[in-house]
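Accompanying notes for the structure given below.
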Amino acid sequence: MRNKLVAGNWKMHGNLKENGALLEALISGMPKSGNNTRYAVCAPFPYLASVQAALRNTCINWGAQNISQYDKGAYTGEVSADMLIDFGCTYVIVGHSERRMLFGESSQVVAEKYAAAQRAELIPILCVGETLEQRDSDITEQVIDEQLKAVITLTGVESLKKAVIAYEPVWAIGTGKTATPQQAQDIHQFIRKGIASQNQEVAECLSILYGGSVKANNAAELFEMPDIDGGLIGGASLIAEDFVAICSAIKS
Ligand code: PGA
């Protein structure tokens with residue numbers, strides 16, 4: 001059976017006080033995580049220590065939103081995989097569209113970050129997705145293929161056994177325009193079939209999350225789709241009540 005995961009992506013939001021209140025509300029409100037259900041929050045680097053202190057011994061895991069592709073060295077401003085392990089991270093988001101588009105991360109760099117995460121036994125949450133222009137030009141599948149191929153070429157298809165994929169159409173992120181459950185399912189199925197053509201077993205156990213304007217009122221219908229194994233949640237993960245409701249919409 002595939003693992004289900006709902007992960008919050010706090011992006012560059014929050015402060016010590018707000019995070020403390022949010023985490024406290026999450027700890028008390030979160031549904032019990034079943035055998036194959038996981039919850040996580042991905043916080044900005046400076047808050048990882050306090051997130052670790054708050055969430056240790058709870059059913060909520062945590063992670064970061066970015067990572068260096070290098071293991072150590074003269075890379076001013078970068079944060080390595082081992083540093084994230086030091087703060088108890090389980091997950092790290094790699095290749096979020098905001099990193100690709102605003103910070104110029106190519107699919108090759110994203111693949112190197114994914115590999116760096118796995119070297120340290122962090123679970124990468126690999127984001128893929130098309131822009132509106134690409135969807136309108138009917139090249140969604142090519143775009144996603146290219147993004148996945150960079151990773152598979154570098155680390156092999158078997159590496160996906162220890163990773164999570166998040167399909168996040170760029171046009172749905174932070175816009176309030178969610179993909180319909182069927183639109184999302186179509187791409188999730190496309191991704192799973194593509195992986196299955198290389199390795200059936202990997203495809204069957206791969207968790208593929210949907211991200212892009214997932215809210216408390218649309219999570220359940222998305223999570224019901226057969227190839228959607230949870231969500232990567234931006235805006236709604238900052239509101240405890242909403243994030244708890246989204247986590248509760250997952251059926252294990
Ligand atoms: P959103 O962000 O839920 O605010 O659309 C999702 C994401 O960027 O991961």
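Because the structure is a prediction, the values reported are computed rather than measured. Numbers here are sequence positions counted from 1.
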Is a side-chain N or O of Ser213 found less than 3.5 angstrom from the main chain of Ala172, in a donor-acceptor match?
yes
Less than 4.5 Å apart, any side-chain heavy atom of Cys59 and any of Lys32?
no
Contact between Leu232 and Cys127 at the side-chain level, heavy atoms closer than 4.5 Å - yes or no?
yes
Please examine the side chains of Met30 and Tyr39, heavy atoms only from C-beta on, and report whether any two atoms are closer than 4.5 Å.
yes
4.5 Å side-chain heavy-atom contact, Ser248 and Val244
yes
Considering all heavy atoms, the nearest Ala116-Ala81 contact
O-CB, 3.5 Å
Set of side-chain hydrogen bond (donor to acceptor under 3.5 Å, both in side chains) partners for Ser107, sequence neighbours left out:
Arg100, Glu146
Establish, from distance only, whether the side-chain atoms of His96 and Glu168 form a donor-acceptor pair under 3.5 Å.
yes
Flag the pair Tyr210 / Gln185 as yes when at least one side-chain heavy-atom distance between them is below 4.5 Å, and no otherwise.
no
Atom SG in Cys42, atom CH2 in Trp62: separation rounded to 0.5 Å?
12.0 Å
Hey, is CD on Gln142 packed in by over 12 heavy atoms from elsewhere, all under 6.0 Å?
yes
Is Val92 linked to Ile208 within one hydrophobic cluster, defined over Ile, Leu, Val, Met, Phe, Trp and Tyr using a side-chain heavy-atom separation of less than 4.5 Å?
yes
How far apart are the closest heavy atoms of Ala150 and Ala111, and which atoms are they?
O-CB, 3.5 Å
Please confirm whether the backbone N or O of Tyr47 pairs with a side-chain atom of Ser50, one donor and one acceptor, at under 3.5 Å?
yes
Indicate yes or no for a side-chain donor-acceptor contact from Thr131 to the backbone of Val170 under 3.5 Å, with no hydrogens or angles considered.
no
Glu105: what forms a side-chain hydrogen bond (donor to acceptor under 3.5 Å, both in side chains) with it, not counting sequence neighbours?
Arg99, Lys113
Taking the side chain as every heavy atom from C-beta outward, state whether Ile165 and Ile191 have any pair of such atoms under 4.5 Å apart.
yes
Is the shortest distance from a Lys or Arg side-chain nitrogen in Glu204 or Arg2 to a carboxylate oxygen in the other one below 4.0 Å?
no
Is any side-chain heavy atom of Ser80 closer than 4.5 Å to a side-chain heavy atom of Lys72?
no
Give a yes or no on whether Leu206 and Ile144 share a hydrophobic cluster (residues Ile, Leu, Val, Met, Phe, Trp, Tyr; joining criterion: side-chain heavy atoms under 4.5 Å apart).
yes
Please answer whether the main-chain N or O of Lys162 pairs with a side-chain N or O of Gln118 as donor and acceptor at a distance below 3.5 Å.
yes
Ion pair check, Lys251 and Glu224, cut-off under 4.0 Å:
no
Linking I/L/V/M/F/W/Y whenever any side-chain heavy atoms sit under 4.5 Å apart, do Phe190 and Val151 land together?
yes
For Leu122 and Thr90, what are the C-alpha separation, side-chain angles and deciding distance, and is it a side chain to side chain contact (heavy atoms under 4.5 Å, CB included)?
CA-CA 5 Å; Leu122 284 163; Thr90 300; over 6 Å; no
Asn19 side chain vs Asn15 backbone, donor-acceptor pair below 3.5 Å:
yes
Specify the closest pair of heavy atoms between Asp82 and Ala120, including all atoms of both residues, with the distance to one decimal.
OD1-CB, 3.7 Å
Do Phe45 and Val94 share a hydrophobic cluster, counting only Ile, Leu, Val, Met, Phe, Trp and Tyr and linking them when any side-chain heavy atoms are less than 4.5 Å apart?
yes
May I ask whether Val128 and Met225 are part of the same hydrophobic cluster, defined by side-chain heavy atoms of I, L, V, M, F, W, Y residues being less than 4.5 angstrom apart, directly or through others?
yes
Gln147 (side chain) donor-acceptor with Gly129 (main chain) under 3.5 angstrom:
yes
CD (Gln183) and OG1 (Thr178) are apart, to the nearest 0.5 Å, by 10.0 Å
Using side chain to side chain contact (heavy atoms under 4.5 Å, CB included), reason through Val79 and Met83 one step at a time and then give a plain yes or no.
CA-CA 7 Å; Val79 172; Met83 293 174 188; 4.2 Å; yes
Working for side chain to side chain contact (heavy atoms under 4.5 Å, CB included), residues Leu5 and Val164
CA-CA 9 Å; Leu5 170 66; Val164 172; 4.2 Å; yes
Do Arg119 and Asp71 sit within salt-bridge range, that is, some charged N less than 4.0 Å from a carboxylate O?
yes
I need the Leu148 CG to Ile195 CD1 distance, nearest 0.5 Å.
5.5 Å
For the side chain to side chain contact (heavy atoms under 4.5 Å, CB included) test, which of Asp242, Ile233, Val6 pairs with Cys247?
Val6
Please name the pair of heavy atoms, one in Ala219 and one in Ile246, separated by the smallest distance, quoted to 0.1 Å.
CB-CG2, 4.0 Å
Taking atom CG of Leu23 and atom CD1 of Ile60, what is their separation to the nearest 0.5 Å?
7.0 Å
At their closest point, which heavy atom of Gly231 faces which heavy atom of Leu209, and how far apart are they?
O-CD1, 3.8 Å
Can a side-chain donor-acceptor contact be found between Glu130 and Tyr167 if the only test is distance below 3.5 angstrom?
yes
Closest non-hydrogen contact found for Arg38 with Asn35 is NH1-O, 3.1 Å
Will you find, in the side chains of Tyr114 and Ser159, an N or O donor that is under 3.5 Å from an N or O acceptor?
yes
Separation between NZ of Lys215 and CG of Leu222, rounded to the nearest 0.5 Å
12.0 Å
Stepwise side chain to side chain contact (heavy atoms under 4.5 Å, CB included) check, Val110 with Ser106:
CA-CA 6 Å; Val110 171; Ser106 64; over 6 Å; no
Hey, could you give me the NZ/CD distance between Lys193 and Gln198, rounded to the nearest 0.5 Å?
15.0 Å
Backbone N/O of Lys177 and side chain of Thr175: donor-acceptor pair under 3.5 Å
yes
Taking the side chain as everything from C-beta on, heavy atoms only, tell me whether Val51 gets closer than 4.5 Å to Trp10.
yes
So, Arg192 and Asp229, do they make that salt bridge, N to O below 4.0 Å?
yes
